[in-house]
There are 2 protein chains.
Amino acid sequence: MATSCFAERLAKQVPLSDAEKKALARLEENPRKIKRGGMIQRVNDTVTELFVLREGRVMSFVILPDGSRQILRVYFPGDFIGSASTIYSKAPESLVALSDVIVCPFDKHALRRLLEEYPRVAALLFLLSNAERVAMTDRLAALGRTSAKARVASFLLDMFDRLRVTDDSIVDSFDLKLTQEEIGDSIGLTSVHVNRMIRQMEQEGLISRSNGRIILNDMARLEEIGHYTNRLKDIDLDWLPVS
Amino acid sequence: MATSCFAERLAKQVPLSDAEKKALARLEENPRKIKRGGMIQRVNDTVTELFVLREGRVMSFVILPDGSRQILRVYFPGDFIGSASTIYSKAPESLVALSDVIVCPFDKHALRRLLEEYPRVAALLFLLSNAERVAMTDRLAALGRTSAKARVASFLLDMFDRLRVTDDSIVDSFDLKLTQEEIGDSIGLTSVHVNRMIRQMEQEGLISRSNGRIILNDMARLEEIGHYTNRLKDIDLDWLPVS
DNA sequence: CGCGGCTTTGAGGTCGTTCAAGAGTTGTGG
DNA sequence: CCACAACTCTTGAACGACCTCAAAGCCGCG
């Protein structure tokens with residue numbers, strides 16, 4: 001059977017039948033390489049495709065009329081991206097590769113067939129989408145009601161926990177692979193202020209850095225500062241239909 | 001056939017078979033009245049239920065450790081609420097009635113059965129969840145990257161457009177039914193500053209107010225100020241399986 | 001009529017921004 | 001393998017958008 005990044009990811013949450021795995025693998029039949037900085041989807045473009053991200057990192061973002069950018073989400077391998085195009089014929093957000101990536105595009109109609117034939121997979125996608133929504137609300141609360149330092153702390157913890165889902169080798173450090181400007185655009189700050197916060201947290205011994213790598217020295221305290229809760233630990237899909 | 005608020009809502013986007021309508025109606029078999037201010041779901045409570053909101057208004061929110069509140073979403077009749085409990089056994093957000101309301105709770109397992117038997121409905125729920133996610137990203141961009149005035153403008157327009165989906169009588173005004181503090185908690189401002197912005201917009205002739213009712217005098221300009229786009233106009237579900 | 005909640009307004013403070021410039025880093029082509 | 005260009009990070013100084021605190025007016029309701 002073809003390897004499927006996405007099926008592997010789902011299977012960590014809930015057992016999948018071979019038929020389901022095979023169906024999911026079909027979504028990844030057309031891998032496409034894209035260079036760092038390459039545009040995968042441009043806002044307002046007519047879109048009929050979705051993607052599974054197999055390798056590398058991708059961000060979704062919007063540019064406001066005054067030129068400022070809001071990064072909506074950073075995606076990692078195994079993520080299902082561009083799902084907004086299931087409801088809108090024009091992309092509400094842009095997608096750009098943050099590193100060299102491999103994405104697997106597939107057509108809306110392939111998704112339709114999948115949903116028809118594998119209701120359980122449809123249910124799973126529904127749930128996954130809800131998880132994304134909750135992740136969004138966490139960041140919404142951070143932007144609306146927390147300090148710059150808290151936002152940086154929770155942002156780092158979120159990246160860390162999400163990376164650890166697919167990479168068991170991660171213990172207490174990870175490659176951020178984002179500029180401070182990109183961090184700022186994710187959490188509603190300027191790059192200048194992100195720098196000051198990171199620097200301050202470094203001086204306080206909360207984190208360390210060595211050539212782009214972030215080391216989380218005091219996770220408990222970071223969680224406190226960022227009002228962070230790891231949602232990934234609380235996922236409960238036991239009630240789902242068994243295959 | 002029993003009336004179903006939710007089915008009616010969905011049917012505006014895409015035709016439903018009678019069987020599907022009937023199945024959706026079953027979700028609303030247990031209407032429950034709740035008084036204004038009543039708690040429907042408390043954060044961290046163990047939850048096994050979801051709700052269809054049949055009448056009135058509900059908000060979802062979180063309280064941060066310092067006591068500040070972030071309102072995540074205001075819901076209107078026909079909305080599907082509490083769907084986070086499909087993935088988490090503990091509620092990630094609280095739900096409170098903003099007015100006297102009628103909600104229809106149903107168990108996760110009823111949803112499971114629905115998803116199994118009506119794949120097309122599962123697909124629809126998946127799409128609806130994606131729409132919520134996009135609405136969230138719009139607000140995220142507003143909180144992260146726009147001014148107080150822009151946030152108020154886009155907030156008012158969003159309420160307006162969402163109310164108009166189910167209430168054809170709305171032309172250019174609507175009852176907000178929110179205090180200025182609640183508006184502030186929705187868009188990451190203090191009630192004091194919300195007041196100043198509203199007042200300023202009133203003086204500029206952009207809006208008017210009369211006993212709690214908001215009149216939008218210059219929608220074009222409000223959209224410009226708020227960088228607002230009405231997502232509801234662009235929904236395209238033609239590609240969905242036909243029933 | 002009086003009470004509690006909401007709105008309005010002012011004065012002063014702060015957190016994060018803006019602008020600017022220098023140091024460090026990375027990538028590229030000769 | 002070096003030189004140069006283009007980013008990225010770092011730091012300082014000044015500014016301003018929004019907050020905090022406080023008090024007074026208003027409105028609906030019992």
Side-chain angles (χ1 to χ4, degrees), chain A residues 35-38 59 64 66-71 96-100 142-156 175-203 207-214 225-226, chain B residues 35-37 59 64 66-71 96 98-100 142-153 155-156 175-204 207-214 225-226:
Chain A
K35 283 234 174 307
R36 178 165 177 274
M59 66 174 173
L64 297 182
D66 69 350
S68 62
R69 173 177 68 175
Q70 176 67 46
I71 295 180
V96 162
L98 284 166
S99 62
D100 291 354
L143 294 214
R145 288 289 180 236
T146 78
S147 70
K149 195 172 174 185
R151 290 185 222 173
V152 173
S154 61
F155 184 78
L156 292 179
D175 276 319
L176 197 46
K177 286 182 183 156
L178 290 174
T179 66
Q180 294 178 357
E181 178 153 22
E182 285 161 346
I183 299 173
D185 286 349
S186 295
I187 58 181
L189 297 171
T190 57
S191 60
V192 173
H193 207 58
V194 169
N195 181 274
R196 286 196 233 275
M197 293 301 106
I198 286 183
R199 202 131 268 285
Q200 187 187 325
M201 289 163 73
E202 199 176 14
Q203 264 158 37
I207 62 173
S208 318
R209 290 177 300 164
S210 64
N211 54 316
R213 206 166 174 78
I214 301 277
I225 290 171
Chain B
K35 284 233 174 305
R36 178 166 178 277
M59 66 173 175
L64 297 182
D66 68 351
S68 63
R69 174 176 67 174
Q70 176 67 46
I71 295 180
V96 161
L98 284 167
S99 63
D100 292 355
L143 293 214
R145 287 291 180 233
T146 78
S147 70
K149 195 172 174 187
R151 290 185 223 174
V152 173
F155 184 78
L156 292 179
D175 276 319
L176 197 48
K177 285 179 182 155
L178 291 173
T179 66
Q180 294 178 357
E181 179 153 21
E182 285 161 347
I183 300 174
D185 286 350
S186 296
I187 57 181
L189 297 171
T190 58
S191 61
V192 174
H193 207 61
V194 169
N195 182 274
R196 286 196 233 273
M197 292 301 107
I198 286 184
R199 201 131 270 285
Q200 187 187 326
M201 289 163 73
E202 201 176 12
Q203 265 158 35
E204 290 171 4
I207 61 173
S208 318
R209 289 178 301 164
S210 64
N211 54 317
R213 206 166 174 77
I214 300 277
I225 290 170

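Numbered from 1 within each chain, the chains take letters A, B, ... in sequence-line order.
- Between the CD atom of A:Q200 and the P atom of D:dT10 there is a distance of 14 Å, rounded to whole Å.
- Atoms CD (A:E181) and P (C:dT17) sit 12 Å apart, rounded to a whole Å.
- Rounding to whole angstrom units, CG of residue A:D185 and C1' of D:dT8 are separated by 14 Å.
- Judged by distance alone, with hydrogens and angles left aside, the side-chain atoms of A:S147 form a donor-acceptor pair with the main-chain N or O of A:A150 at under 3.5 Å.
- No engagement by A:G37 is indicated, since no non-hydrogen atom pair under 4.0 Å with the nucleic acid exists.
- Atom CD1 in B:I187 sits about 10 Å away from atom P in D:dC18, given to the nearest Å.
- Checking the phosphate oxygens (OP1, OP2) of D:dC18, no side-chain nitrogen or oxygen of A:R145 falls inside 4.0 Å.
- Side-chain atoms of B:A148 lie closest to D:dC18 of the nucleotides D:dC18, D:dT11, C:dG16.
- Of the possible polar contacts, none joining the A:D175 side chain to the A:K177 backbone as a donor-acceptor pair under 3.5 Å is found.
- With the nearest nucleotide of DNA chain C identified for both B:Q203 and A:N211, B:Q203 has the one nearer the 5' end.
- No contact: B:S191 has no heavy atom under 4.0 Å from any strand.
- Of all nucleotides listed (C:dT18, D:dC18, C:dG10), C:dG10 comes nearest to the side chain of B:V192.
- At whole-Å resolution of the value, CG in A:D66 and P in D:dA17 are 14 Å apart.
- With the nearest nucleotide of DNA chain D identified for both A:N195 and B:H193, A:N195 has the one nearer the 5' end.
- In this entry the distance linking CD1 of B:I198 with P of C:dC6 reads 14 Å, nearest Å.
- Between B:E182 and B:T179, some side-chain heavy-atom pair lies under the 4.5 Å cut-off.
- Nucleotides of DNA chain C nearest to B:T179 and A:R151 differ in position, and the one nearer the 5' end is that of B:T179.
- Atom C1' of nucleotide C:dC15 and atom CG of A:L189 are separated by 10 Å, given to the nearest angstrom.
- A:G188 comes within contact range of the sugar-phosphate backbone alone, with a heavy-atom separation under 4.0 Å but no base atom that close.
- For A:M197 and C:dT17, the CE to C1' distance is 12 Å, given to the nearest whole Å.
- Looking at heavy atoms from C-beta onward, A:M201 lies out of side-chain contact with A:R209 at the 4.5 angstrom threshold.
- A:R199 has a side-chain polar atom (N or O) that falls below the 4.0 Å cut-off from OP1 or OP2 of D:dT10.
- For C:dT17, one of the phosphate oxygens OP1 or OP2 lies less than 4.0 angstrom from a side-chain nitrogen or oxygen of A:T190.
- With hydrogens and angles ignored, the 3.5 Å screen pairs no side-chain donor or acceptor of B:R145 with any backbone N or O of A:L64.
- In terms of phosphate contacts, A:R209 brings a side-chain nitrogen or oxygen within less than 4.0 Å of OP1 or OP2 of D:dT10.
- Other residues, nucleotides and ligands place no more than 12 heavy atoms under 6.0 Å from the CZ atom of B:R36.
- A close approach under 4.0 Å does occur between a side-chain nitrogen or oxygen of B:Q180 and OP1 or OP2 of C:dT8.
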